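Scroll down for the structure; my scribbles are underneath it.
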Amino acid sequence: MPDPRLQPQPSPHHGSDPNSGRGVGDETVSAPELRRLETDTDNGMLLIISGPSGAGKTTITRGVERSIADSVFSVSATTRAKTAADVEGVDYHFVSDEEFERSRENDEFLESAGVYGKKYGTPRGWVVEQLKRGRLVILEIDVQGAMQVKLQIPEAFGIFVLPPSEEELLSRLRARKREDESQIQKRFAAAKREIECARTSGIYNLFIMNQEIQTAIREAVDAVAAARLRG
Ligand code: 5GP
């Protein structure tokens, strides 16, 4: 039985559309045969936003979502634990390892990856349906996932968010007070690997340095608008 939470359906999010849903990982969860996806997307567009923890990609993602009227955020499934700040169905669908594996076996993910020992996956059916409706579909996913998506949907537009400097990244990771110092050092090392991997991957159309958040959001929104006009 496919997991109903991963099937096409409207789901709530903090975005402008009331019908919208919402480190280099250590392992690739799935290696499905990745074919070009025929989505008949009309004027729908897929936007991938990646970047290391602490670069500010979530704030940029939310800013883009608020600024573009027909944008929708894709709510991923994850096996990571829900934190006090997370809302089920808005930030993620929190699932057990068994549920995740069942969805993966049923080919319900457009991409999936292991990040910091936990599994994350993008709901294929929901994304395809939103693209068919002509929406701007935003995926906030890591580089491994972005590579899988680009193989299937080469016209996806990729933005990678960079911190202003390594020193700034380290101090932002510390300021979040989410992890202890050894975890912070792991995230910092993963962030440096992820930036290197993103630069050499050739999958990102734009690298945005997040020096000032409103400027970074404006850069992202302008780039998306221009890409959409080009078609
Ligand atoms: P967090 O657990 O801190 O929300 O996210 C950890 C990392 O997983 C972030 O880099 C985030 O972009 C990435 N991520 C979140 N959802 C997905 C997904 O569905 N697929 C992939 N490949 N990465 C994801």
Side-chain angles (χ1 to χ4, degrees), residues 3 5-6 11 13-14 21-32 34 46-62 64-65 72-95 99-101 103-104 108-128 130 137-153 156 158-163 169 172-173 176-179 183-184 186-195 197-198 201 203-204 208 210 220:
D3 186 333
R5 287 170 300 183
L6 301 178
S11 62
H13 192 236
H14 35 248
R22 177 169 147 142
V24 172
D26 34 22
E27 76 196 85
T28 296
V29 172
S30 66
L34 298 175
L46 198 57
L47 171 63
I48 301 169
I49 301 185
S50 307
S53 325
K57 67 177 178 301
T58 302
T59 314
I60 292 177
T61 300
R62 291 175 184 176
V64 170
E65 195 188 359
V72 285
F73 179 86
S74 163
V75 182
S76 297
T78 183
T79 63
R80 89 145 159 79
K82 182 176 170 295
T83 68
D86 293 315
V87 179
E88 160 62 36
V90 173
D91 298 296
Y92 287 105
H93 296 293
F94 294 93
V95 298
E99 289 173 305
F100 190 97
E101 284 308 312
S103 297
R104 197 171 64 79
E108 289 168 29
F109 294 131
L110 177 62
E111 62 74 36
S112 60
V115 186
Y116 304 118
K118 300 296 175 192
K119 297 169 184 175
Y120 294 80
T122 298
R124 178 198 301 279
W126 187 86
V127 167
V128 169
Q130 297 300 317
V137 182
I138 308 174
L139 309 184
E140 189 189 320
I141 60 175
D142 80 333
V143 177
Q144 311 168 73
M147 286 174 178
Q148 295 173 46
V149 171
K150 279 290 254 192
L151 282 171
Q152 301 168 87
I153 308 179
I159 294 179
F160 191 89
V161 180
L162 291 166
L169 177 64
R172 285 185 192 178
L173 286 172
R176 300 193 309 175
K177 297 194 181 359
R178 271 209 233 158
E179 300 107 347
Q183 283 298 320
I184 288 170
K186 271 193 201 153
R187 293 231 170 199
F188 183 53
K192 288 194 280 187
R193 285 199 302 277
E194 182 161 23
I195 292 169
C197 187
S201 67
I203 56 178
Y204 293 96
I208 293 179
N210 181 17

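Both ligands and their constituent atoms are indexed starting at 1 by order of listing. A quick note: this is a predicted structure, and the numbers were derived from the prediction, not measured. Residue numbers count from 1 along this sequence.
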Looking only at heavy atoms, is any part of [X] under 4.0 Å from ligand 1, and if so is it the side chain, the backbone, or both, or is it neither?
| X | answer |
| --- | --- |
| V115 | side chain |
| Q144 | neither |
| Y92 | side chain |
| K118 | neither |

- Verify, without hydrogens or angle tests, whether T78 (side chain) and K119 (backbone) share a donor-acceptor contact under 3.5 angstrom. yes
- Task: Output yes when a side-chain donor or acceptor of Q148 lies under 3.5 Å from a complementary backbone atom of L110, and no otherwise.
- Result: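 Side chain of Q148 to backbone of L110: no pair is present.
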- Query: Between R104 and E101, is there a side-chain N and carboxylate O pair less than 4.0 Å apart?
  - Reply: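 Answer for the salt bridge query: yes.
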- Message: Between ligand 1 and S53, can you find any atom pair, the residue atom being a heavy atom, that is separated by under 4.0 Å?
- Response: no
- Report the member of E194, E140, K57 with the shortest heavy-atom distance to atom 10 (O) of ligand 1. K57
Grab the two heavy atoms, one from [X] and one from [Y], that are nearest each other, plus how far apart they are.
| X | Y | result |
| --- | --- | --- |
| V161 | P52 | O-CD, 3.3 Å |
| G121 | F100 | N-CE1, 3.6 Å |
| D91 | F73 | O-CE2, 4.3 Å |

- Taking the side chain as C-beta and beyond, is there a heavy-atom pair between I48 and E111 under 4.5 Å?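 I48 does not reach E111 side chain to side chain.
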Pull out every atom of ligand 1 sitting under 4.0 Å from any heavy atom of [X], numbered as shown with elements.
| X | result |
| --- | --- |
| T122 | 19 (O) |
| A113 | 22 (N) |
| G145 | 22 (N) |

- Could you tell me whether R80 and ligand 1 have an N or O pair separated by under 3.5 Å? yes
